[in-house]
Amino acid sequence: MQQFWQTLVKEFTRTFITDNRWMVFWNGFKNTILITVVAALIGIAIGIVVSVVHYLADSIMHKKKRRSIGDYIVILLDKLLTFYVSVMRGTPLAIQLTIMAFIIMAGFPNKVVVCCVAFGVNSGAYVSEVIRGGINSVDIGQMEAGRSVGLSQIATMRLIILPQAIKNILPALCNEGIAVLKETSIVGLISVVDLTRASDLVRSRTLSPYFPLIAVAIVYYILVAGLSAAVSRLERRMAQSDRH
Amino acid sequence: MIVIKDLHKSFGKLHVLRGINETIKEGERVVLIGASGSGKSTLLRCLNLLEEPDKGSVIFEGTDLTSPDTNLDKTRCHMGMVFQHFNLFPHKTILENITLAPVYHKLQTKEEATQKAMALLERIGLADKANTYPAMLSGGQKQRVAIVRALAMEPKVMLFDEPTSALDPEMVGEVLELIRQLADTGMTMVIVTHEMGFAREVGTRILFMDEGEIKEQNEPQAFFTNPQHPRLKEFLSKVL
């Protein structure tokens, strides 16, 4: 038994203390968080734009008259964005990431930025589908009420529909955030050191798999659990208008 | 004030409005009655172009609303609308529901709008609910707030789309009473309703719609006591 503890302490020391290896983990952790947060924000921004353009295009298709040049631009834009969504969903993220790093943004010095863009653009496609569902979940009467007091379609979208839509889809958005967080573990492919890559580096040095892998798994788990808890708190706060 | 010319509207194969011609003058209170599916709600919704007519035109104070150059948002500021299902904004407080549009359009500052909204809420006895959310109100209260929301824009005409149809019977009275008070101020109104007694009392002119056409119209007294069209006779015999 005593030998077990001794081994444990030795292994721990080798993994985290010797040569200040905890710094490797810490820097990896910072990159994981940075990429996740920036990618999620980019994703939400793209998602809102894609889903709103889709909504506008849809309503233009439904009306019979009043087709202006702007209408055609919106419809064309919607077609392009639909294609973008299908490409993002139809190809592996690892391929998208490497294409971004070695073709589209080849030579860009900061690979962390490349990761943020690649993950954000990918996430945007999924978020747009989630928000589209959220917009459809809001009663059509809300748009009519907004329009009836003279708000434009865009203004009604911004002030009336989207706030309700986002509230309805918070759990789904949270899932997307969790997915992005976990997907960032592939950034080692383009030599960015995140949490996962950090554990690989340390493992290849110490040749001992247990601590680096288990520790990293625990950190991911805590992050996801924290995110879930934060979102359910936010949900409760936003639900105050539902209370009777 | 509102001129409707040869208005047609179809939903798919269903020809809902078949050539409506009508003029609504300032100060009139026009009540549309008819069976379900007769096109009365569609006609009302065409007046502020929530429903886009297939053919014909709606002219509001000289502006053709069906023309592509018309700024509909601006026109709609002058046409209040009250819906069957209230359609209050559930994520906004009662006060915000009322002040949102006037402040957005910069018709009033936030303080002015709040003051005005509170005065209106005071009038309908709901001032204490100003900072609560719509989910906490009864149906009748919601509809009265919805009426106040429309009034806050100081519209020239009010459109009511079956304002009491979604209410519990005991709440119908309070909503009708508010509309009645509004009628006394001389507001121009177009009302779609199934409440015949109310139509007779408040309306200055009653239109009977059937199969997408206005089959008969008259002032209330004659309309109800001396109907001419066989369809109207049949309809009244069922509902009165």
Side-chain angles (χ1 to χ4, degrees), chain A residues 48 56-74 131 134-170 173 234-244, chain B residues 9-10 45 47-55 66-94 96-105 107 132-138 146 149-153 155 158-159 161 166:
Chain A
I48 289 177
L56 294 179
D58 223 30
S59 70
I60 290 168
M61 302 292 258
H62 275 97
K63 64 182 185 180
K64 288 162 191 146
K65 287 186 276 181
R66 301 168 157 265
R67 289 256 172 121
S68 63
I69 300 212
D71 290 352
Y72 287 108
I73 292 174
V74 170
I131 296 182
I135 290 174
N136 290 337
S137 75
V138 177
D139 180 41
I140 174 111
Q142 293 292 308
M143 179 53 87
E144 294 185 345
R147 300 309 303 275
S148 80
V149 287
L151 302 188
S152 66
Q153 200 174 21
I154 295 281
T156 311
M157 201 57 176
R158 187 166 59 85
L159 297 170
I160 311 297
I161 311 286
L162 277 179
Q164 296 181 56
I166 303 275
K167 185 175 125 185
N168 291 348
I169 58 171
L170 260 186
L173 274 184
L234 186 63
E235 243 177 294
R236 272 202 302 279
R237 242 189 59 196
M238 289 182 83
Q240 64 175 226
S241 59
D242 298 335
R243 250 176 260 145
H244 292 254
Chain B
K9 174 74 189 177
S10 301
R45 291 159 56 82
L47 294 186
N48 66 353
L49 248 69
L50 273 189
E51 218 67 79
E52 188 193 5
D54 299 334
K55 196 176 149 226
T66 49
S67 147
D69 307 322
T70 304
N71 182 346
L72 274 178
D73 298 330
K74 218 169 143 194
T75 312
R76 285 190 183 122
C77 291
H78 303 301
M79 309 175 95
M81 182 147 196
V82 175
F83 300 88
Q84 183 176 359
H85 296 286
F86 334 127
N87 299 355
L88 292 179
F89 307 131
H91 61 303
K92 302 266 181 204
T93 64
I94 303 302
E96 288 166 344
N97 262 277
I98 301 169
T99 57
L100 182 117
V103 174
Y104 177 84
H105 292 291
L107 300 175
T132 61
Y133 289 91
M136 299 170 201
L137 300 188
S138 72
R149 173 175 72 182
L151 287 177
M153 292 291 289
M158 286 283 284
L159 311 175
D161 188 5

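Reckoned from all heavy atoms, side chains included, excluding hydrogens, waters and symmetry mates. Each chain gets a letter, A, B and so on, in the order its sequence line appears, and its residues count up from 1.
With a threshold of 4.5 angstrom between heavy atoms, B/Leu88 approaches chain A through N, CA, C or O but not through any side-chain atom. Proximity to chain A (any heavy atom under 4.5 Å) is restricted, for B/Met79, to the backbone atoms N, CA, C and O.
Sequence neighbours left out, the pairs with a member in residues 153-162 of chain A that pass side-chain hydrogen bond (donor to acceptor under 3.5 Å, both in side chains) are A/Ser59-A/Gln153. Residue pairs meeting the salt bridge (Lys or Arg N to Asp or Glu O under 4.0 Å) criterion with at least one member in residues 142-153 of chain A, sequence neighbours excluded, are A/Glu144-B/Arg45, A/Arg147-B/Asp73.
In this structure, the side chains of B/His91 and A/Ile160 come closer than 4.5 Å at one or more pairs of heavy atoms. Here the side chains of A/Pro163 and B/Phe89 are not in contact, with every heavy-atom distance at 4.5 Å or above.
B/His105 and A/Gly150 make their closest contact through CE1-O, 2.9 Å (heavy atoms, listed as atom of the first residue, atom of the second, distance). Annotation for A/Ser148 and B/Met81: closest pair CB-CB, 3.9 Å, computed over non-hydrogen atoms. Looking at every heavy atom in both residues, A/Val149 comes nearest to B/Arg149 through CG1-CG, 4.5 Å. Contact detail for B/Phe83 and A/Ala145: the closest heavy-atom pair is CE1-CA, 3.7 Å.
Judged by distance alone, with hydrogens and angles left aside, the side-chain atoms of B/His85 form no donor-acceptor pair with the main-chain N or O of A/Gly141 at under 3.5 Å.
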